[in-house]
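Structure record follows, encoded as structure tokens.
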2 protein chains.
Amino acid sequence: MIRLLLADDEELLRGALCSLLDLEDDLRVVAQAATTTDAVRLAGQHRPDVAVLDLEMPPTDGLHAAAQILARTDGTPPRVIIVTRHARPAVLRRALAAGVSGFVPKSTPAARLAQIVRDVAVGHRYVDPEIAASALTENECPLSDRELEVLGAARAGAPVSDIAATVHLAPGTVRNYLSSAMAKLGVATRHAAAHRAWEEGWI
Amino acid sequence: MIRLLLADDEELLRGALCSLLDLEDDLRVVAQAATTTDAVRLAGQHRPDVAVLDLEMPPTDGLHAAAQILARTDGTPPRVIIVTRHARPAVLRRALAAGVSGFVPKSTPAARLAQIVRDVAVGHRYVDPEIAASALTENECPLSDRELEVLGAARAGAPVSDIAATVHLAPGTVRNYLSSAMAKLGVATRHAAAHRAWEEGWI
DNA sequence: GAGCGCTGATGACATCTGTCATGCGAGCTG
DNA sequence: CAGCTCGCATGACAGATGTCATCAGCGCTC
């Protein structure tokens, strides 16, 4: 019997997956969470074999939760499967770096999920083949850490002075980073750069 | 027996909902679609009693599909239920204006969906109570049509000249609309305004 | 027809952005 | 140590953006 933790902020999906997976004789959902904090807490309490975490979850995100769950020192931590609608190569890379065992886009057929859970439970890894292929062929993110940080702060449309304040840099420096990021991405405004970086999953 | 059309671009959710609803004795999913075009086509072919449409679907969106499905002239069109993660009062208003019978955020418990489908099938309407309350109390979108149009074109971070080209207006005019929109929203840049308008579901 | 509100446009002006050259200090590398 | 790169910062400059006053046309109402 494989014991599952299910975490997703959308009740509709979580509930549907729960009943879907519970239909399988060898799977049992032992805990559900709608937030990352609950997910981490319940993972500690219930010690599931596999934790299925949505990537987009308040208050942080699935990767933070995964890192915390995997960092537990007493006993073996559960295997973690990340489920996401935002399935981009950059996200996959970050997920694997965090030590997750499965990476499942929401475009995966529901019927296959149970088998993925079983595979992961016995120690295998599962990565969506299409995303994996993209991750190998697509070019890496060309932006430096600082550029990403600054773009992240620019995402909501804030003026340079605000960005500089949140990133703790001089306004001129911020403009330099934005400028180089824009040059690398081939766009004309920092907002276009931020938009693009977001779509690519870089920030 | 209530015959259902299920449309959602996320296989995972669509598949899970399908098996969930098929468990009910009086419901049967007769067609599934991942795009709005398929949804419209299959609604014509299979004549379901109820169509459950995701709002966020390529290539257009669930409201367009709903409008097309409801516009059919031969026979009675199906009742339409819109499911969305982006549950804001403005979206609800647009959905009701399009003639849909149900408005269900993805935060709704999965177990309740079957009952909502039954209610809608017999002619009732269902609107998520929380969103409905917000729609009644929250202030309406303060922006004019032109302002919304211009903000929509500004969303990807394009410079004013590009926006002017896509909207077929003079650059100076575009700046006026952007300026008034920014004033109404109390923000300092058009990108912040566009971001805000997007989050509120206005564009 | 005068008045009013709305849309679309123009021009002037202050400010913000994007670009670029440059400087300074920390770390590393010969 | 000298030379080098790299992260961070500054200053100057052109062009883009935000603000504002103003105007013309159009439809509407009194």
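Proteins get letters first, then strands, A, B, ... in listed order; numbering begins at 1 in each. From a predicted model like this one, the values you see are computed outputs, not experimental measurements.
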Identify the two heavy atoms, one from [X] and one from [Y], that lie closest to each other, and give their separation to 0.1 Å.
X        : Y        : answer
A/Glu56  : A/Asp54  : O-OD2, 3.1 Å
B/Asp61  : B/Leu63  : OD1-N, 2.7 Å
B/Arg155 : A/His195 : O-ND1, 3.6 Å
B/Ala158 : B/Ile163 : O-CD1, 3.7 Å
A/Ala193 : A/Leu151 : CB-CD2, 3.9 Å

Review point. Which one of A/Lys184, A/Arg190, A/Arg175 satisfies the salt bridge (charged side-chain N to carboxylate O under 4.0 Å, His left out) criterion with A/Glu147?
Key: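 The single option meeting the salt bridge (charged side-chain N to carboxylate O under 4.0 Å, His left out) with A/Glu147 is A/Lys184.
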Review point. Does any donor atom in the side chain of A/Arg118 or A/Gln115 lie under 3.5 Å from an acceptor atom in the other side chain?
Key: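 Note: A/Arg118 and A/Gln115 side chains meet the donor-acceptor criterion.
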Point to revise | Nucleotide interval of DNA chain C bounded by contacts with chain A (heavy-atom cut-off, under 4.0 Å) | key: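 Range of nucleotides within reach of chain A: C/dT17 to C/dC20.
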Exercise for review: Sugar-phosphate atoms are those with a prime plus P, OP1 and OP2; base atoms are the rest. Using that split, label each nucleotide of nucleotides 18-23 of chain D B, S or - for protein heavy atoms under 4.0 Å, 5' to 3'.
Suggested key: BBB---
